[in-house]
2 protein chains.
Amino acid sequence: MSTAKGARARARIEVTAAIKDEARRQLAEDGAAKLSLRAVARELGMVSSALYRYFPSRDDLLTALIIDAYDSLGADAEAAHAKVADAEPIRRWTTVCEAVREWALGHPHEYALIYGSPVPGYVAPATTVPAASRVGLLLIGIVRGAHQGAGVALPPLPAELGPEARRLADDLAPDLPPAVVTALVAAWAQLYGLVGFELFGQFNRVVEDREPFFRHAVAQLGHGVGLVFPQDTGTGGRGSRAGS
Amino acid sequence: MSTAKGARARARIEVTAAIKDEARRQLAEDGAAKLSLRAVARELGMVSSALYRYFPSRDDLLTALIIDAYDSLGADAEAAHAKVADAEPIRRWTTVCEAVREWALGHPHEYALIYGSPVPGYVAPATTVPAASRVGLLLIGIVRGAHQGAGVALPPLPAELGPEARRLADDLAPDLPPAVVTALVAAWAQLYGLVGFELFGQFNRVVEDREPFFRHAVAQLGHGVGLVFPQDTGTGGRGSRAGS
DNA sequence: TCCAAAGCAAGAGCAGTGATCTCGTAATGG
DNA sequence: CCATTACGAGATCACTGCTCTTGCTTTGGA
């Protein structure tokens, strides 16, 4: 009674949290497709219709879980990055990439929820954008730090890509060269290609020892955005591509 | 009389095809999650239970659609490649990549079926492997052709990746250097990262002019596996060896 | 030619789903 | 103190995948 907001309001957020917890539990067990409002309600000792007082539809419950998943991934990535915040940019880059992979391996169904096939007819509301951006912002920050002083030259962009590259740079990191921002966006997508292929079974019976494979692949990705290993800096370029 | 197999067998394959066609139609409209056996049967003027004579379960119908999708994608990619079979390897590489993207944009739900989140509890039977491998084999062939004569040097692999790289090379292309095969597998996954991000909406409000962006990204991917432009047109050579 | 065996569609039925509506009860706050 | 509001229960609707039984039709061997 003495609580300012009243028992009702408190019960509401408690029940809301309980619903999300149970839904997340079922999600981790059977995946999003088998998430059942009735099963959640049953497990919580309520009747299915009562759930609609908290989430207007199954899709709204999914949206809540999506935001939580993005935030969980973002928090993990940020925490991993914080531990190596003073290291070389390439080290920070690979650390964040590996954190993404580890979170994905630990939360496969939640990963599928946010980076897998979208539910047909479902469009992610704008509410998800901030949470969804956290990893991307982290990567941008790393690359920005690396290019702060000595910029590493990237191959020139084809002319047809010029306008789009400038638009990307304007939107995401006006202080970085368009070629770098373009490479960064591509690397961002490619990172999730690597993670997704491993998680969704495309690497089964193909790649066995996945950790070093992933580590090397994301290091190459880092090179593609201009990050270099400290010992690699000999010639000022990255160690060689098409080799001569 | 003339029909050796009898009317019954013929009717069976006809009905089977009709079911798959209608299922594919519904797939393209509402996505895999909303594919309903009853709706397919209704549309075909039969009763739902009759469908089980042709596909023992909904998942088996999905499996059939998955194999068809892999084959459709593979056929498109192979056809696109055949048109430039005599061109430079890098040109063939980007052509195949663009064919993959175009097929995906044209068949978003089928793409989601084969490269999106797997259906929980559903494991793709080994039957899908040959169809699923077609694009990969195409890419391997292109890289093999490019390395036939003059091998292009890639950066050395880290020691920890050595065994896995050798295993990959043994399994996929024993005639290619392990570093190349490793880069190829990574590029393969990364290609689908690019396509998936565009298709699943991750590029919305980020990348606007996606075709040149994609073209450039897969060209870079090609460089990563050792393919080079004969001589760069227009804006002058890629600055790779320049690097300064 | 005949007839048992097999293939097949229909229909009823089961257990489950998301969603909606009504109705009595309990907390809330002016 | 009492009208308003929030809430949970229950019934109900239109669906879903799937199973089983019941007849009809085609098939292929004797």
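Residue numbering restarts at 1 for every chain, and letters A, B, ... go by the order of the sequence lines.
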With rounding to the nearest 0.5 angstrom, report the [atom1] to [atom2] distance, [X] to [Y].
X      : Y      : atom1 : atom2 : value
B/F214 : B/D209 : CZ    : CG    : 14.0 Å
B/I67  : B/K20  : CD1   : NZ    : 8.0 Å
B/D170 : B/L176 : CG    : CG    : 11.5 Å
B/I142 : B/L227 : CD1   : CG    : 8.0 Å

N-O pairing of [X] and [Y] below 4.0 Å:
X      : Y      : value
B/K34  : B/E29  : no
A/E211 : A/R215 : yes
B/R101 : B/E98  : no

Item to complete: For the residue pair B/Y192 and B/Y111, categorise the inter-ring angle as parallel (less than 30°), tilted (30 to 60°) or perpendicular (more than 60°).
Response: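 B/Y192 vs B/Y111 ring planes: parallel.
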Does a side-chain N or O of [X] approach OP1 or OP2 of [N] to a distance below 4.0 Å, or not?
X     : N      : answer
B/R42 : D/dC15 : no
A/R38 : C/dG16 : no
A/R12 : D/dC7  : yes

Response to the item:
Atom CZ of B/R10 and atom C1' of D/dT27 are separated, to the nearest Å, by 15 Å
Discussion item. Rounded to whole Å, please give me the gap between NZ in B/K34 and P in D/dA14.
Written reply: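 After rounding, the gap between these two atoms is 18 Å.
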Discussion item. Surrounding CZ of B/R210 (heavy atoms of other residues, nucleotides or ligands, distance under 6.0 Å), is the total greater than 12?
Written reply: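 Yes.
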Practice prompt. With ring-ring contact (aromatic ring centres under 6.0 Å, His included) as the test, would you mind laying out the steps for A/Y115 and A/F200 before giving the verdict?
Written response: CA-CA 11 Å; A/Y115 289 111; A/F200 295 163; 9.8 Å; no
Discussion item. From the set C/dT17, C/dA10, C/dA19, return the single nucleotide nearest to any side-chain atom of A/L37.
Written reply: C/dA19
Worksheet item: Between residues 13-20 of chain B and DNA chain D, which residues have a heavy-atom gap below 4.0 Å?
Response: none
Worksheet item: Which residues in residues 48-58 of chain B have at least one heavy atom lying under 4.0 Å from any atom of DNA chain D?
Response: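 DNA chain D contact set from residues 48-58 of chain B: B/S48, B/S49, B/Y52, B/S57, B/R58.
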Discussion item. Can a side-chain donor-acceptor contact be found between A/T63 and A/D60 if the only test is distance below 3.5 angstrom?
Written reply: no
Discussion item. At 4.0 Å (heavy atoms only), tell me whether B/L35 reaches a base, stays on the sugar-phosphate, or touches nothing.
Written reply: sugar-phosphate
Are there any protein N/O atoms within less than 3.5 Å of an N/O atom in nucleotides 25-27 of chain C, and if so, which ones and at what distance?
residue	atom	partner	partner atom	Å
C/dA27	N3	A/R8	NH1	3.4

